[in-house]
Structures are given as structure tokens and as C-alpha cells.
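Working notes, beginning with the structure itself.
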Amino acid sequence: MAIARVGIVGSGIMGAGIADVAASTGHEVVLRSRNRSTADRTREALEKGYAKRVDKGRLDAADAEAALARVVATDDLTALAECDLVIESVVEDLAVKQPLFAQLDGIVGETAVLATNTSTLPVVEMAMVTTRPERVCGLHFFNPAPAMDLVEVVRPLTASDATIEAVTAFASACGKNPVEVADRAGFVVNALLFPYLNNAVRMLENGTASRDAIDTAMKGGCNFPMGPLALLDLVGLDTSLAIIQALYEEFRDPNYAPVPLLKRMVAAGHLGRKSGRGFYDYAR
Ligand SMILES: NC(=O)c1ccc[n+]([C@@H]2O[C@H](COP(=O)([O-])OP(=O)(O)OC[C@H]3O[C@@H](n4cnc5c(N)ncnc54)[C@H](O)[C@@H]3O)[C@@H](O)[C@H]2O)c1
């Protein structure tokens with residue numbers, strides 16, 4: 001099945017980024033926020049993002065206008081009824097995602113595919129609250145979605161080959177490089193990345209080195225584009241903690257046990273770039 005109209009639920013960092021990618025690659029997009037003001041703000045942010053690319057000569061003005069015209073920002077979940085694919089990208093919490101999947105199952109057409117952008121949670125547990133487990137899978141974009149090349153296509157035990165083929169073709173049509181992975185916490189990238197990020201926080205906590213020394217060391221020593229603490233701020237410390245907790249829950253590996261400093265920073269509302277303060281301060 002060809003995917004022409006895509007619904008996205010959740011307009012945070014990732015939902016907005018995926019909407020940007022899908023619209024600029026010719027897909028009709030229905031982007032659903034929880035309230036009208038967020039929907040309006042998200043649309044304005046998309047508009048600004050495209051305008052910036054036009055200014056920098058990276059996007060044609062007519063293409064930017066056409067991409068924006070393909071996006072409907074709404075606060076109404078039933079507006080997703082005609083979508084061929086819906087990508088859920090709300091907070092990393094199964095207790096929120098599962099009821100949403102059950103609701104979406106009753107809204108979209110019989111042949112539509114439901115996908116989750118979860119970083120770590122069991123996709124099968126979202127599939128099983130629907131009447132279409134064979135048409136539910138993971139579609140894990142990376143942050144920032146417009147810039148990152150990879151999409152992990154997550155195959156739960158219940159998904160059909162046709163579903164995996166359809167979403168893989170969609171990821172390619174978005175200009176991404178899809179890889180198929182099994183439904184295990186963290187898939188490939190986060191299962192390998194998060195012990196590293198967690199241990200960077202542990203080093204800061206136990207005084208091995210300062211924030212700047214840790215980030216400088218990993219940039220210079222491994223040729224990484226950013227250090228681990230700056231990357232945690234980009235991902236969001238609340239999302240990062242949820243990812244690490246889900247990994248620990250699944251594998252019980254001590255490298256996945258969240259470091260207390262990370263938990264305390266989330267409790268304090270220091271969530272990284274999105275809250276203006278994390279390991280670094282960000283001008284708001
Ligand atoms: N941040 C990353 O680097 C990254 C990368 C890949 C995947 N993800 C995954 O994408 C998903 C969204 O993460 P994000 O970084 O965009 O988070 P975010 O905090 O930027 O946005 C979360 C979104 O969820 C919505 N939300 C919060 N509580 C809700 C509720 N109770 N019901 C419905 N909606 C609710 C918020 O309104 C917001 O739109 C998560 O599953 C996360 O694991 C994140």
C-alpha cells in the first residue's frame with residue numbers, strides 16, 4: 001500500500017520534526033496537538049523553519065510554500081480518519097501511548113497502519129490494544145528529524161510483512177535510510193547509545209571531570225559532533241530518563257540503571273534545551 005497522507009500525534013520535538021520531513025517530501029500531513037494554541041504554535045514554527053532554509057538557499061520558496069500547504073495542524077484526533085499511516089509521537093510513557101493506540105484504532109480506516117516513534121517501549125504492547133496488531137509497528141526517527149538520516153523500522157512479533165514493507169517504503173520516500181530492527185528495548189541505536197550517555201552523567205556526578213571536560217574529551221577523542229551532556233540536553237532529560245528506565249526494566253544491566261543526578265535534574269524541571277536549562281543554560 002502507498003502512503004500519501006500521514007497523521008502525526010504529538011507536536012513536541014519529534015512530532016514537529018517528522019511533520020516537517022513528511023511535508024517537505026510531498027506527503028499530506030495532519031499534525032495533531034492536544035490543544036489549539038499548541039497546534040497554531042507548531043504550524044508557525046514549521047513556517048519559520050522553512051523560511052530559514054529558504055533564506056539560507058537550501059530550499060526553494062515555492063517548495064516551502066507547497067510543503068506548508070500540505071500541513072493541517074489540528075487539536076482534533078478524528079481529523080486523522082483519512083490517514084494511510086499515523087505516527088504516534090507523544091511522551092515516552094506506555095500508560096499514555098496504549099490508550100491512544102486504542103483510540104486511534106477506532107478512528108482510522110481498516111487498512112491504515114499505526115506506528116509509534118517510541119525510543120524504547122515494547123511496540124507489541126501498543127499493537128495488542130488494537131484490533132489490527134498486524135498493522136502496527138515502530139517507526140523510530142532521530143533528533144533532529146529533518147537532519148538525521150536514519151529511521152529504525154521496528155518489527156513487533158505481530159506485524160505483517162506488508163506493514164513493514166509499506167513503512168519502509170515511506171521512510172525511503174521521506175529521504176531517510178531505513179533499517180529493520182527487532183522489538184527489543186532501545187532497538188539498535190539507543191541500546192548502544194544510552195549506557196554511554198548514562199555513564200557520562202555518572203562521571204560528572206563522581207567528579208571524574210567537569211561538564212566541559214567530558215564533552216570536549218568525547219568530541220576530540222572520538223570525533224563526535226557533540227559531547228554526551230550536550231546530546232542529553234538535545235534529546236531532553238525527561239525523555240532520556242524514560243529511555244534509560246525502560247532499558248533497565250528490560251535488561252537489568254547496571255549500565256542502564258539511571259544515575260541519581262539525572263533523576264534529580266528531571267525532578268527539578270531541568271529538562272535540557274526544551275526547558276531552557278539542563279547541563280547547559282539556553283537563552284529562552
Ligand atoms: N527527543 C528525542 O531525541 C527523541 C528521538 C526519537 C524518538 N523520541 C520519542 O518521540 C516521542 C516524543 O518525544 P519528544 O522528544 O518529541 O517529546 P516532547 O517532550 O518534546 O513532546 C512530547 C509530546 O507529548 C505530548 N504529551 C505529553 N503528555 C501527553 C499525554 N498525557 N497525552 C497526549 N500527549 C501528551 C506533549 O504535548 C508533546 O506534544 C517519545 O516516544 C520519545 O521517546 C524522542
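From a predicted model like this one, the values you see are computed outputs, not experimental measurements. In listed order, ligands and their atoms are each counted from 1.
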To the nearest 0.5 angstrom, please state how far the OG atom of Ser24 sits from the CG atom of Leu68.
10.0 Å
So for Val96 against ligand 1, with non-hydrogen atoms under 4.0 Å, the contacting part is side chain
Check this for me - ligand 1, Asp238, N or O atoms closer than 3.5 angstrom, yes or no?
no
Of Glu92, Arg32, Arg34, Met148, the residue with the heavy atom nearest atom 36 (C) of ligand 1 is Arg34
Distance from atom 21 (O) of ligand 1 to nearest protein heavy atom, with residue and atom:
Gly12 CA, 3.3 Å
Taken to the nearest 0.5 Å, the spacing of Thr130 OG1 from Leu114 CG works out to 6.5 Å
Are any of the side-chain heavy atoms of Ile87 and Phe170 separated by less than 4.5 Å?
yes
With backbone taken as N, CA, C and O and side chain as the heavy atoms from C-beta onward, which portion of Phe142 lies under 4.0 Å from ligand 1: side chain, backbone, both, or neither?
neither
So which atom in Gly278 and which in Leu237 form the shortest heavy-atom distance, rounded to 0.1 Å?
CA-CD1, 4.4 Å
Give me the nearest non-hydrogen protein atom to atom 18 (P) of ligand 1 as residue plus atom name, then the distance to 0.1 Å.
Lys274 NZ, 3.7 Å
Closest approach of any protein heavy atom to atom 24 (O) of ligand 1, naming residue and atom:
Val91 N, 3.1 Å
Give me the residue, atom name and distance of the protein heavy atom closest to atom 10 (O) of ligand 1.
Asn117 ND2, 3.1 Å
Taking atom 1 (N) of ligand 1 as the reference point, the nearest protein heavy atom with its distance:
Val235 O, 2.9 Å
Taking atom CG of Leu80 and atom CD1 of Ile107, what is their separation to the nearest 0.5 Å?
6.5 Å
Those residues that, when tested against Asp161, pass salt bridge (Lys or Arg N to Asp or Glu O under 4.0 Å) (two or more places apart):
Arg155
Below 4.0 Å from any atom of ligand 1, is there a heavy atom belonging to Gly236?
no
Residue and atom name of the nearest protein heavy atom (relative to atom 5 (C) of ligand 1), distance in Å to one decimal
Met14 SD, 3.5 Å
Distance under 4.0 Å to a non-hydrogen atom of Asn143: what atoms of ligand 1 satisfy this?
1 (N), 2 (C), 3 (O)
Can you list the atoms of ligand 1 that are under 4.0 Å from a heavy atom of His140?
6 (C), 7 (C)
Which one of Ser89, Pro144, Ala16, Gly138 has a non-hydrogen atom at the shortest distance from atom 12 (C) of ligand 1?
Ser89
Which residue from Thr118, Val90, Thr42, Leu232 reaches closest to atom 40 (C) of ligand 1 through any of its heavy atoms?
Val90
With a 4.0 Å cut-off on heavy atoms, does Lys97 reach ligand 1?
yes
re atom 43 (O) of ligand 1, the protein heavy-atom contact at minimum distance is Ser119 OG, 2.7 Å
Does the Lys NZ or Arg CZ of Arg252 fall within the cation-pi geometry relative to Tyr248 - under 6.0 Å from the ring centre and within 45° of the axis?
yes
Under a 3.5 Å threshold, yes or no: a donor from one side chain and an acceptor from the other, between Asn35 and Ser37?
yes
Structural part of Thr239 in contact with ligand 1, heavy atom criterion under 4.0 angstrom:
side chain
Could you check atom 20 (O) of ligand 1 against the protein and tell me its nearest heavy-atom contact, residue, atom and distance included?
Ile13 N, 2.9 Å
Regarding Thr74 and Asp76, do their side chains bring together a donor and an acceptor under 3.5 Å, going by distance alone?
no
